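This is a predicted model, so every value here is computed, not measured. For the numbers below, each heavy atom of this structure counts, side chains included, while hydrogens, waters and symmetry mates do not.
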Amino acid sequence: MPQPPKRAFSRTACCLSCGLTVLGGFLIIGDVSVSKLSDLELVPRVWHGSVDEPFADAEAEAEADAKVEAALSQAKSKRPREEEHSSKPKEGAPAPAAAPQHNHAPSAASSSGSSSPSASSSAAAKPPSPSPAAAAPTPPPPPPPPPKVDKKPIPPGEYTPKKMVVHAECKAQGANFGNINTLEECDRLAAGMDDCGEGFMFSEEHPDWQCRCCTEGMSKGGPHSENWDVYEVQNPRSTASTSEDGIYKKGRECGAQAINFGQVPSPKLCSWMVAQTPECGDYFMFSKAHPEWACRCCSPNGGQDNGLSAPVWNVYKLFTERPKVVDPLPTAPPVPHASAGLPIASDPRPSWLEREDDLVIDARNPPGHGGILILQAVLADARADWGKGGLRPHWLRAILATNRDHARRHGHVMVLRSQPTQPQLTKWQWRNCFMKDFEKCVKENERENFNWEKHLMMRDYMLSSQKFTHILMLDADAALVNKDHDTLRQIAAIMDEKGKDVFLTDEDWLEHGTGRINGGLMFNKVTPFTVNLYQDTFDAHLKGSARLQNWRIGVPDMECSSNEQICLNDLWTGRGKEWFAPKAMMASGLIYNRGAERGGEKYIDDPSVEVMHWMGGSKASAGRALCDGPRDFTGEGPKGYGCKQK
């Protein structure tokens with residue numbers, strides 16, 4: 001890590017009345033017991049004159065030097081030096097020295113921040129012999145901070161970074177905003193933080209070294225560093241700040257926390273988010289020194305009291321008015337022609353279908369109630385991975401045609417969902433977007449929400465009037481490839497034998513994937529447990545970090561605010577294990593959910609493989625594997641829906 005400037009101890013001074021010893025540019029704090037000079041605790045002093053100005057006379061300086069030498073010689077024990085470790089920088093470049101820290105991250109679970117980077121100390125040299133003395137001038141007062149110039153907000157796409165100092169760090173750092181990927185975002189955060197000055201430091205080569213602002217008047221004069229630059233804050237500075245009167249308890253945490261909102265740059269925004277959240281009380285905890293430790297609201301009914309002592313945390317009284325009326329979540333317009341290009345049955349649409357779903361095939365014999373249902377969600381994403389304007393990619397058509405043929409052969413029902421359920425956003429997602437820029441917010445949360453749509457589909461059809469016996473939820477890039485096996489009835493028989501209601505697969509085709517659930521295949525027997533399960537998981541998603549309480553399946557409380565696959569893993573091995581694991585089973589992905597990436601596609605003709613899953617970048621190979629090999633997986637030949645080149 002970068003070291004502070006080295007200073008030779010060419011002059012020594014003592015302040016006998018205050019108990020401070022001054023060595024050159026450093027203060028020795030209190031009565032320290034040391035065995036050598038390098039073990040002293042040194043703190044750079046703030047001095048606006050010369051650090052080498054002599055004493056009033058040589059005798060006084062010699063007397064001071066003698067006192068230091070005596071303190072060194074009489075040391076009784078060596079004070080060990082603590083070393084802190086930070087992540088190893090790329091290419092051997094040094095990471096920055098951090099601002100002093102004398103505090104700790106919050107004691108409550110689920111802290112979104114981490115401890116600050118380690119601080120550096122300087123090596124010291126033995127003081128030289130006294131030199132002729134001269135009168136020391138009185139240090140001038142600190143210069144006033146530069147006046148703040150009103151700036152206009154920068155329109156989107158017009159931000160231009162402005163370097164204040166090249167290849168340098170701040171002279172003194174303020175807030176550390178954590179991992180921020182762009183200069184524009186770092187600028188915006190620094191502008192909104194009361195403790196930040198007119199500049200911030202950022203490494204374009206190593207953004208993982210984090211965005212850090214400089215304190216007022218300390219943007220220039222910092223240590224040289226090849227990988228850092230100091231930039232001028234271009235966004236208008238926030239004029240609103242939390243007054244000391246707004247602090248309910250200084251140096252304390254909440255006694256009971258309700259919701260962790262993640263990293264928020266200021267108490268002002270933290271207060272706003274808390275005000276929008278009914279699950280929060282009227283108090284919140286925030287660290288202005290470490291906003292990366294997250295904005296956290298206190299629980300209602302006394303959660304603001306009896307918290308642990310924490311020097312850089314404060315508990316604030318809410319200073320944002322709660323809305324009297326909560327506006328409904330915004331919704332996106334329907335996707336036009338969402339089902340265009342999909343293999344939809346030509347028969348009239350059955351009335352039992354949920355929402356705007358479409359039937360691909362109903363091969364139950366005799367027709368009617370019961371049977372096994374195959375569900376797949378083909379939702380139009382922003383990147384158009386699944387096609388656009390009715391033009392569906394070859395890989396998708398080949399997979400859907402293969403599954404349709406499997407359903408036809410073995411008497412199953414197949415249904416597709418192409419229209420995402422509205423509102424797509426949850427209340428907590430919209431709040432985290434500060435209730436601005438709806439389209440951007442939808443896009444940022446699209447991947448997670450499309451995955452959660454699978455749980456909503458399961459919930460819908462668990463309650464269907466068709467009373468299906470089993471339901472398979474299969475990702476749209478996965479196919480039932482063993483056409484000669486009635487794979488789903490075979491799985492159902494295994495579940496009955498083991499007394500299980502939920503069938504999941506792991507990722508054991510990967511080096512460290514054994515035991516880790518892959519959410520691309522979920523096969524369920526329709527029972528009271530599974531009917532409750534998928535209502536619980538989707539409700540937990542809607543709750544987010546507020547945590548769903550009293551799950552129908554028995555879980556006291558659990559958070560499912562991230563990927564649905566993480567939620568399943570938490571149920572399988574984590575907080576929900578006691579209630580979920582006895583009803584579920586894990587099977588090998590090598591057989592029932594074989595990943596096609598990393599050469600896995602070559603196993604498509606292995607008679608033990610039942611399901612092939614073309615995840616990520618492997619999708620493009622699905623059309624070739626299903627249409628161009630020796631086997632006809634689609635059942636329609638090269639000119640059918642799945643294999644015909646358009």
Side-chain angles (χ1 to χ4, degrees), residues 99 143-166 168-204 207 210-222 228-247 261-276 284 286-292 294-295 316 318-321 430-441 444:
K148 296 182 180 179
V149 180
D150 291 336
K151 300 177 182 179
K152 296 181 180 180
I154 300 175
E158 297 185 14
Y159 176 80
T160 302
K162 184 183 294 185
K163 291 184 180 179
M164 297 179 70
V165 189
V166 178
E169 303 174 19
C170 302
K171 187 174 183 180
Q173 296 178 34
N176 181 333
F177 296 102
N179 290 336
I180 303 299
N181 292 327
T182 66
L183 283 161
E184 183 174 5
E185 179 67 6
C186 189
D187 189 303
R188 185 184 66 79
L189 292 171
M193 171 58 71
D194 299 335
D195 291 342
C196 292
E198 70 285 355
F200 63 93
M201 54 188 283
F202 190 87
S203 173
E204 289 192 278
Q210 304 173 337
C211 161
R212 305 150 184 260
C213 74
C214 310
T215 57
E216 194 69 65
M218 292 293 172
S219 298
K220 299 180 180 180
W228 286 92
D229 297 303
V230 177
Y231 295 82
E232 180 181 338
V233 175
Q234 297 294 300
N235 282 283
R237 301 291 302 280
S238 172
T239 56
S241 63
T242 305
S243 67
E244 291 298 309
D245 292 338
I247 296 177
F261 294 96
Q263 183 171 323
V264 175
S266 68
K268 177 183 177 182
L269 283 177
C270 185
S271 179
W272 180 87
M273 297 185 81
V274 172
Q276 310 301 316
F284 63 93
F286 189 85
S287 171
K288 293 177 73 175
H290 293 280
E292 73 274 12
C295 160
Y316 292 80
L318 193 66
F319 50 88
T320 304
E321 185 178 357
W430 183 227
R431 183 183 63 225
N432 287 352
C433 292
F434 304 112
M435 299 183 179
K436 297 178 180 179
D437 200 337
F438 172 70
E439 291 185 1
K440 180 181 177 182
C441 193
E444 288 175 350

Check: [Y] and [X] side chains under 4.5 Å, non-hydrogen atoms:
{"X": "Leu183", "Y": "Tyr159", "result": "yes"}
{"X": "Thr160", "Y": "Gln234", "result": "no"}
{"X": "Gln276", "Y": "Trp430", "result": "no"}
{"X": "Ser271", "Y": "Phe286", "result": "no"}
{"X": "Lys288", "Y": "Pro267", "result": "yes"}
{"X": "Lys171", "Y": "Val165", "result": "no"}
{"X": "Asp187", "Y": "Tyr231", "result": "no"}
{"X": "Trp272", "Y": "Met435", "result": "yes"}

* **Test item: side-chain donor near acceptor, Gln173 and Arg212, under 3.5 Å** =>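 The criterion, which ignores hydrogens and geometry beyond distance, is satisfied for Arg212 and Gln173.
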State, to 0.1 Å, how close [X] and [Y] come at their nearest heavy-atom pair, and which atoms those are.
{"X": "Ser219", "Y": "Cys214", "result": "OG-CB, 3.6 Å"}
{"X": "Val264", "Y": "Cys270", "result": "CG1-N, 3.6 Å"}
{"X": "Ala275", "Y": "Leu318", "result": "N-CD1, 4.0 Å"}
{"X": "Pro207", "Y": "Phe202", "result": "CB-CZ, 4.1 Å"}
{"X": "Gln263", "Y": "Ile180", "result": "NE2-CD1, 4.3 Å"}
{"X": "Val230", "Y": "Cys170", "result": "CG2-N, 3.9 Å"}

* Asked: Below 2.5 Å, is that where the SG pair of Cys196 and Cys213 sits?
  ->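 The answer is yes, since Cys213 and Cys196 bring their SG atoms under 2.5 Å apart.
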Find the distance between [atom1] ([X]) and [atom2] ([Y]) and round it off to the nearest 0.5 Å.
{"X": "Glu444", "Y": "Asn432", "atom1": "CD", "atom2": "CG", "result": "10.0 Å"}
{"X": "Phe319", "Y": "Ile247", "atom1": "CZ", "atom2": "CD1", "result": "9.5 Å"}
{"X": "Met201", "Y": "Gln210", "atom1": "CE", "atom2": "CD", "result": "10.0 Å"}
{"X": "Met273", "Y": "Lys268", "atom1": "CE", "atom2": "NZ", "result": "14.5 Å"}
{"X": "Glu204", "Y": "Thr182", "atom1": "CD", "atom2": "OG1", "result": "10.0 Å"}
{"X": "Glu439", "Y": "Cys433", "atom1": "CD", "atom2": "SG", "result": "12.5 Å"}

* **With sequence neighbours excluded, residues passing salt bridge (charged side-chain N to carboxylate O under 4.0 Å, His left out) with Lys162** =>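 Here no residue qualifies.
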